[in-house]
Amino acid sequence: MKIFNLAVLLCTVVTLHVSALSLQDAQQVALQDDPGQQVYQAQQASLIAKGNSSATLADPTIKLGVANLPTDSFSLDNEAMTQLTVGIAQQFSRGDSLAISKKGFHLQSETVVFQGLDRRLLVKKTVRDLWFNILFIEKSVQLVSQNKQLFGSLYQDLESQYSLGLIENEDLINADIELGLLDEKLAKLSQQSLTYRSLLSEWIGQLAYQKLSTTAPAWTDTLTYIKASETRNIDHYQLLTKHPKVLALKQNILVAGSGVDLAKQNYKPSFKVELGYGHRLSEFDNGSARPDLLSGFVSMDLPIFTDQRQDQQMIAAIHNKGQKKAEHRLLIRQLNAQLKAEIVNYQQLASRQLRYKNSLLKQAKSRAQALVQSYQSNTRPFTDVIQAYMDELNLSIEYQQLYFDGLKSLSNIRYFQAL
């Protein structure tokens, strides 16, 4: 299985080097190379082994010794009851405690499985968030570069006009300052891009530094769920009960239930069986050997005084189960509220995107074009033109921020959907 996964990973890496890395491929690489899954697999195997071990009886004990040895002579054959003894004893646990203990460990191992599944969802969500941060920065770099190119052309025109004495030196200086500020903005964006790519390399290695596909995921199943939530305005408990994080806590309730069953066994006695054999070296008066002695015992404890031990253990186990149930209910309520808030967040982001796209961006572009014409007619100062272009750039970047924030909001909703 490991060889197959390695082959798939290598084939994926070779393919990705040929073309731009897609988000789906990046998630696949991150999941295949996640050491966290090995942690959960080892933990699960450890709990299963502990369960198998706990279901085994205690090792038998052997007893060797001398019994009834006279202290005046320390002779082995003077007294009739002096004997060399060998014995074996076996302890038996209370009731069904061994089987219940094994069941408890196996239930814990299933909890780890759900924790591993939740880890996979978090890894995918982390990769998606870093991915969108990088694409936002690259889109911002593209917008700033276009603006810088526009200002570069404008600066060349200003130099020509200045050399002819048509404009003042102040306009040329202002344009030069704006070009420097755009260079600084590009340097800052480059720094942020490298930072996010370094964080992404934790999950996909050197693939984080290659070209990333700009194709946005469709996620029609998530959009359909959001639309259905809008029309019905429902809670999301039915969806969240299938989430691995919730299933892990539900499994903890079963583990706590096995703890209650185990506490009930403390009211039952435990048994110990002993078998002994004594070899006598003394003889009768007529010279014949005395017979050896065989002994057997069954001992058991009597759980009669249960107030301070068994009863308290049972109370603790019952309260522990109640705690796990409360934690389960609390988690579902928290996730339901978080999902509701995330859906509202996405809806507001989508509404703001439309406002920018249908109104603000168009108005900013028209304003910049009008101010350029006014400047050329010597009715507005050059600083107004600069400010108009910078406002248009900032609005374009803000729109891209809203767009990628919307994708990250969808990514968060997909985590709640266990996708």
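When a residue number appears, it is its place in the shown sequence, counting from 1.
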How far apart are the closest heavy atoms of Y40 and R119, and which atoms are they? CE1-CB, 3.7 Å
Is the ring pair F132/W219 parallel, tilted or perpendicular, if the boundaries are 30 and 60 degrees? perpendicular
Walk me through whether L207 and L200 qualify under side chain to side chain contact (heavy atoms under 4.5 Å, CB included). CA-CA 9 Å; L207 292 174; L200 184 60; over 6 Å; no
Going by heavy atoms in the side chains, are T82 and P70 under 4.5 Å from each other? yes
Quick one: do L293 and M81 satisfy side chain to side chain contact (heavy atoms under 4.5 Å, CB included)? Show the steps, please. CA-CA 9 Å; L293 302 176; M81 292 306 296; 3.9 Å; yes
Kindly indicate whether the side chain of Q347, heavy atoms from C-beta on, has any atom under 4.5 Å from the side chain of I343. yes
Go through the steps to decide whether K324 and V255 satisfy the test side chain to side chain contact (heavy atoms under 4.5 Å, CB included), and finish with yes or no. CA-CA 9 Å; K324 299 305 178 184; V255 174; over 6 Å; no
Would you mind reporting whether R280 and P291 have side-chain heavy atoms less than 4.5 Å apart? yes
Spell out, as yes or no, whether a donor-acceptor pair under 3.5 Å connects the side chain of N336 to the backbone of H236. yes
Would you find a donor on one side and an acceptor on the other, under 3.5 Å apart, between the side chain of E274 and the backbone of Q90? no
Closest heavy-atom pair, S258 versus G104, reported as atoms and distance to 0.1 Å, is OG-CA, 3.5 Å
Can you confirm whether K185 is buried at NZ, in the sense that more than 12 heavy atoms of other residues, nucleotides or ligands lie under 6.0 Å from that atom? no
Heavy-atom count check: over 12 atoms from other residues, nucleotides or ligands less than 6.0 Å from R290 CZ? yes
Side-chain contact, heavy-atom cut-off 4.5 Å: Q206 with Y209? yes
Ignoring hydrogens, what is the shortest heavy-atom contact between A208 and R197? Give both atom names and the distance. O-NH1, 2.6 Å
Around atom OH of Y196, are there more than 12 heavy atoms of other residues, nucleotides or ligands at under 6.0 Å? no
Check: S366 side chain, K362 main-chain N or O, donor-acceptor pair, under 3.5 Å: yes
Keeping T85 on the side-chain end and G65 on the backbone end, is there a donor-acceptor pair under 3.5 Å? yes
Could you report the tightest heavy-atom contact between L57 and S93, atom names first, then the distance? CD2-N, 4.4 Å
Treating Q27 as the side-chain partner and R128 as the backbone partner, does any N or O pair qualify as donor plus acceptor under 3.5 Å? no
Check whether any side-chain heavy atom of H328 lies under 4.5 Å from a side-chain heavy atom of N252, and answer yes or no. no
Within a strict 4.5 Å, meaning less than it, do heavy atoms of the M390 and N147 side chains meet? yes
Will you find, in the side chains of K188 and Q191, an N or O donor that is under 3.5 Å from an N or O acceptor? no
Does the side chain of L21 come within less than 4.5 Å of I204's, by heavy atoms? yes
Please answer whether the main-chain N or O of Y225 pairs with a side-chain N or O of S229 as donor and acceptor at a distance below 3.5 Å. yes
Atom CD of E398 and atom CG of L361: how far apart are they, to the nearest 0.5 Å? 9.5 Å
Within the side chain of S140, is there an N or O that forms a donor-acceptor pair under 3.5 Å with the backbone of F136? yes
Please check if atom CD1 in I62 has more than 12 non-hydrogen atoms from other residues, nucleotides or ligands closer than 6.0 Å. no
Is any NZ, NE, NH1 or NH2 atom of the basic residue among R120 and D34 found under 4.0 Å from an Asp or Glu carboxylate oxygen of the other? no
Say whether, by atom type as modelled, one donor and one acceptor occur between the side chain of S101 and the main chain of L98 under 3.5 angstrom. no
Can you tell me if NZ on K272 sees more than 12 non-hydrogen neighbours from other groups inside 6.0 Å? no
Flag for Y375-D384: side-chain donor and acceptor within less than 3.5 Å: no
Checking S396 side chain against E392 main chain: does a donor-acceptor pair fall under 3.5 Å? yes
Flag yes if more than 12 heavy atoms outside Q149 fall under 6.0 Å of its CD atom; otherwise flag no. no
Determine whether I413 and L419 make a side-chain contact, defined as any pair of heavy atoms from C-beta on separated by less than 4.5 Å. no
Once rounded to the nearest 0.5 Å, what's the spacing between atom CD of Q115 and atom CD of Q108? 10.0 Å
Count the heavy atoms of every other residue, nucleotide or ligand shown that sit under 6.0 Å from CZ of F284, and state whether that count exceeds 12. yes
Near F297 CZ, under 6.0 Å, is it more than 12 heavy atoms from other residues, nucleotides or ligands? no
Correct closest heavy-atom pair for A418 and P244 would be CB-CD, 4.0 Å
From CG (N52) to CG (L47), nearest 0.5 Å: 11.0 Å
Worked verdict on E138 versus L135 for side chain to side chain contact (heavy atoms under 4.5 Å, CB included): CA-CA 5 Å; E138 290 186 349; L135 291 188; 3.9 Å; yes
Does any donor atom in the side chain of N174 or E178 lie under 3.5 Å from an acceptor atom in the other side chain? no
d(K245 NZ, F416 CZ) to nearest 0.5 Å is 8.5 Å
Strictly by modelled atom types, are Q323 and E327 linked by a side-chain donor-acceptor pair under 3.5 Å? yes
Between S109 and H106, is there a donor-acceptor pair closer than 3.5 Å when you use the side chain of the first and the backbone of the second? yes
Listed partners of Q142 passing side-chain contact (heavy atoms from CB on, under 4.5 Å), at least two apart: K139, Q146
Give a yes-or-no answer on whether the side chains of T222 and Q417 include a donor-acceptor pair shorter than 3.5 Å. yes
Once you round to the nearest 0.5 Å, how far does NZ of K102 lie from OG1 of T56? 8.0 Å
Taken in chain and number order and not counting sequence neighbours, the residues that satisfy side-chain contact (heavy atoms from CB on, under 4.5 Å) with V141 are I137, S145, L186, L189
Distance (rounded to the nearest 0.5 Å) between L122 CG and K125 NZ: 7.5 Å
